[in-house]
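All values reported here derive from a predicted model rather than from experimental measurement.
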Amino acid sequence: MPKGLIVKALSGYYYVEEEGKRGGKTVQCRARGIFKKKGVSPLVGDRVVYSFTENGEGVVDEIGPRESELIRPPIANVSLAALVFSVTEPELNMQLLDKFLVHIEHAEVEAVILLTKWDLLDRLPEEESARLRRRMEELIALYRGIGYEVIATSAKGGFGYQGVADRLADQISVFAGQSGVGKSSLLNAMLPGVSLETNQISQRLGRGKHTTRHVELLPLPQGGYIADTPGFSQLDFLELGVDQLGWCFREFRSYAGDCKFRGCTHIHEPGCRVKEGVQEGLIADSRYEHYLLFFDEMKDKRRRY
């Protein structure tokens, strides 16, 4: 039986691209009833075995092992999340960036931070431009120090795009980030010849007012696929346990094992090595403050549900 990749799911149908025919015609498939009985649903990104029916459509018969799985948006086998934030217009929201990183760490997916609109700094008053440049230099040093890759890009300046293209090659990646940060410009750059406007991309990916929201994989010319991710616009912590939050802050891990108490929350306990790391300047104050905010948010949600 043929094998393929689910590149789109919509209204109970799964659109499967035949193995070895990237970007080619897809087969519209239904899933076998046995999946529903097992409580399993095929996802965009799944590698599947399928068979043809008499009407020329298909049936998903088997789902291959998953390397990763995101709940929102529902997508499988993502190996990289590209988190897109602008240096200005809008100014970078570090709390939101850290929230994205928590979700990405929980899903055990690699992350790369893409900083857009660097060309706009040259148009700002000198004092404001200098302030933002210092802030960006500090931010880049912070996140690279934690272990995240950071790539600066500019649509007008035309720099950084090759680095992004090389990083996304030959894998399934997702784009996520603040609204208005230039994701559409990046997608256009990644998909030469497509030239989609923001609203066209929105409709293509199920974000238009009169379309069903869905995730779709778009083939990249250098190999691999990219998906814009409407589900990432609403982040909460319902699928994440409070006891898992500390692990999702990558720089906490090397200190947490030396805390005095097992299961330390890194908040009230004496002998907490993570808190000592903050006091010693080894862990950034901003990251620890966001940890405390997220911890309280998670406890509040659990009280309400």
When you measure from the side chain of H290 to the backbone N and O of S286, does any donor-acceptor pair fall under 3.5 Å? yes

Any chance you could lay out the salt bridge (charged side-chain N to carboxylate O under 4.0 Å, His left out) test for K25 and E18, step after step, and finish with the verdict? CA-CA 8 Å; K25 185 179 179 181; E18 187 178 346; over 6 Å; no

Check whether any side-chain heavy atom of R66 lies under 4.5 Å from a side-chain heavy atom of L43, and answer yes or no. yes

Looking at I6, is its backbone amide N or carbonyl O close enough to the side chain of D46 to form a donor-acceptor pair, meaning the two atoms are under 3.5 Å apart? no

Ignoring hydrogens and geometry, is there a side-chain-to-backbone donor-acceptor pair from D61 to S51 under 3.5 Å? yes

Donor-acceptor pair, K275 side chain versus E269 backbone, under 3.5 Å? yes

When you check the gap from the basic side-chain N to the acidic O, do E126 and R133 get nearer than 4.0 Å? no

Sidechain-backbone polar pair: R22 side chain, G224 backbone, donor-acceptor under 3.5 Å: yes

Less than 4.5 Å apart, side chain to side chain, heavy atoms only: is that true for V215 and K8? no

Residue pair T116 / V87, side-chain heavy-atom distance below 4.5 Å: no

Parallel, tilted or perpendicular, judged at 30° and 60°: which one describes the rings of F294 and F249? tilted

For R273 and E276: C-alpha separation, side-chain torsions, deciding distance, then whether salt bridge (charged side-chain N to carboxylate O under 4.0 Å, His left out) applies. CA-CA 5 Å; R273 186 67 188 101; E276 290 173 2; 3.4 Å; yes

Ion pair present between E149 and R167, side-chain N to carboxylate O less than 4.0 angstrom? yes

Taking only Lys NZ, Arg NE, NH1 and NH2, and the carboxylate oxygens of Asp or Glu, determine whether R134 and E137 approach each other closer than 4.0 Å. no

Can you check whether K117's main-chain N or O pairs, donor with acceptor, with S154's side chain at less than 3.5 Å? no

After noting the C-alpha distance and the side-chain angles of R287 and E251, does the key distance pass the salt bridge (charged side-chain N to carboxylate O under 4.0 Å, His left out) rule? CA-CA 9 Å; R287 292 276 289 173; E251 68 273 39; 2.7 Å; yes

Are L5 and I75 co-members of a hydrophobic cluster defined by side-chain heavy atoms under 4.5 Å apart? yes

May I ask you to check whether E17 and Y225 show a side-chain donor-acceptor distance below 3.5 Å? yes

Donor-acceptor under 3.5 Å (K3 side chain, Y50 main chain): no

Presence of salt bridge, R123 and E128, under 4.0 angstrom: no

Geometric class of the F295/Y291 ring pair [parallel <30°, tilted 30-60°, perpendicular >60°]: tilted

Does L220 share a hydrophobic cluster with I151, counting links as ILVMFWY side-chain heavy atoms below 4.5 Å and allowing steps through other members? yes

With distance as the sole criterion, is a donor-acceptor pair present between the side chains of R30 and Y13 under 3.5 Å? yes

Charged N to carboxylate O below 4.0 Å: is that the case for R253 and E105? yes

